[in-house]
Amino acid sequence: MNKYKVIVGMEVHVELKTLSKMFCGCRNDPFHAEKPNIHTCPVCLGLPGALPVANKSAIEWTIKLGLALGCKINRLSKFDRKHYFYPDLPKGYQISQYDLPFCYEGKVETTAGPVGITRVHLEEDTGKLIHSTVNGKNISMIDFNRSSVPLVEIVTEPEIFSSAQAKEYAKKLRQIVRYLDISDCDMEKGGMRLEANISLQKEGDTTLPNYKVELKNINSFRFLEKGIEYEIVRQKEILEKGKTPIQETRGYNAEKNITYSQRTKEDAADYRYFPDPDLPPINISDAWFSEIKKSNPESLDDLFLTWQKKYKVSRNLTELLFETSQEGQWLDNLFEKTEAQKLLVDKLVNQLVNKKLKVNLFNDEADKVVAEYKKTTTVDEVSDEELIPYIEKVLKSNNNAVSDYQAGKTQVMNFLVGMVMREVKKKIEFARLQALITKKISTK
Ligand SMILES: [Zn+2]
């Protein structure tokens, strides 16, 4: 049996949450619209003669994201038409970016190594097809509320080498996008959509495989991981027979946990890209560029590092609390106030993660949260001298536990500390009692 290495490149689409759409003034709110086709106009319905105007915020947000991903920025950029025919695209082309994307050559760090970002470009979303049955007939309807919603595509190099790394990359990307507060990344509704190009490389080969399978429209991190794992097994079987897997697009069926063929790449479209003559090239002046740079918050990696150093709170733990930019500031303020009261931040985070405090995370005032936390940490003033007699009494009446402890069963310490606390009838720090008891036992 040959050994294979999986090679994955990813394409992720994210809908930006600007107020208006990408090329018209219609409201950008496809998820909350009361009815289909109410946020529409001649531009996003693709009517002949309608003229698009680019959304400035969407361009700024794309560049912000590019900067957060360590990308270089094309200061002269443009929009191109990508031609293909599909009912949800009434113009017959999608406005996208071809050879001059706003951002290129960035990277995202993962525990298994950096993943290169090839490009980050801006385009428009399509309408949404709704398949239904009316009077026994299968019909398809189109909702254009989503048509021309700003859509950012983030493309990686084929530098992801396991399903776990793909999942980590996608999660990290979502975290960064949410932190910048430019998209909700609601995966269930299609606000963030994952695609993975998967192929297997024979061990020892140095060139990329001569095929790739595109796993499309994945709407959960778990499905991404499972889909890639399924493809590894499926492609390996084909390669072991001396054949090459077909270059095609596949979907993932979560119920059966399999991937299935959607269309082969043989009939891949020639998109006939050309610059959109209705949209002038975008020149990002020095002044505009520095304004965008200034509006970017401290990088997420830096923020986590600062917290780790300053408050000794682990990144894994804070990441569990973390979602968007405002929350970053909210937490930063909370940590500062906690420390100002000489309380431990890492224990606070622990309690928040485990939902042990009766507070409304990210909405309550920091002072209120600190006060709630303080209640759980208050200890009564008791001197060591006062405690010793209680400890002696407990040790005396729990000889078995003491010998168990001496024999290495350290978990009985919890029991002993609990017994002493019960005797003292006061709140005393666990660690302090533990230290006193340990000392007492060792000098016995
Ligand atoms: Zn419109």
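When a ligand or atom number is given, it counts from 1 through the structure's own listing order. Side chains are part of it too, since the values below use all heavy atoms of this structure and drop only hydrogens, waters and symmetry mates. For clarity, every value in this text was computed on a predicted model and none was experimentally measured.
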| field | Under the salt bridge (Lys or Arg N to Asp or Glu O under 4.0 Å) test, residues paired with Glu372 that sit two or more places apart | value | Lys375
| Can a cation-pi geometry be assigned to Lys226 and Tyr252, taking NZ or CZ under 6.0 Å from the six-membered ring centre and within 45° of the ring axis? |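 That pair does not qualify as a cation-pi contact.
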| Thr110 and its side chain to side chain donor-acceptor pair (under 3.5 Å) partner, picked from Glu159, Gln165, Glu168 | Gln165
| request: Verify ring pair (Phe, Tyr, Trp, His ring centres under 6.0 Å) between Tyr98 and Tyr271, making sure each step is shown before the conclusion. | output: CA-CA 10 Å; Tyr98 183 51; Tyr271 293 123; 9.3 Å; no
| query | If you leave out waters, which protein N, O or S atoms are less than 2.8 Å from the Zn ion (ligand 1)? | reply | Cys24 SG, Cys26 SG, Cys41 SG, Cys44 SG
Counting only pairs under 3.5 Å, give me each side-chain donor-acceptor contact of residues 33-46, with atom names and distances, residues two or more places apart or in other chains.
{"residue": "Asn37", "atom": "OD1", "partner": "Phe144", "partner atom": "N", "Å": "2.6"}
{"residue": "Asn37", "atom": "ND2", "partner": "Ile142", "partner atom": "O", "Å": "3.1"}
{"residue": "Thr40", "atom": "OG1", "partner": "Asn37", "partner atom": "O", "Å": "3.3"}

| Looking at residues at least two apart in the chain, or sitting in another chain, which of them share a ring-ring contact (aromatic ring centres under 6.0 Å, His included) with Tyr179? |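 Scan of Tyr179 (ring-ring contact (aromatic ring centres under 6.0 Å, His included), adjacent residues dropped) gives Phe322.
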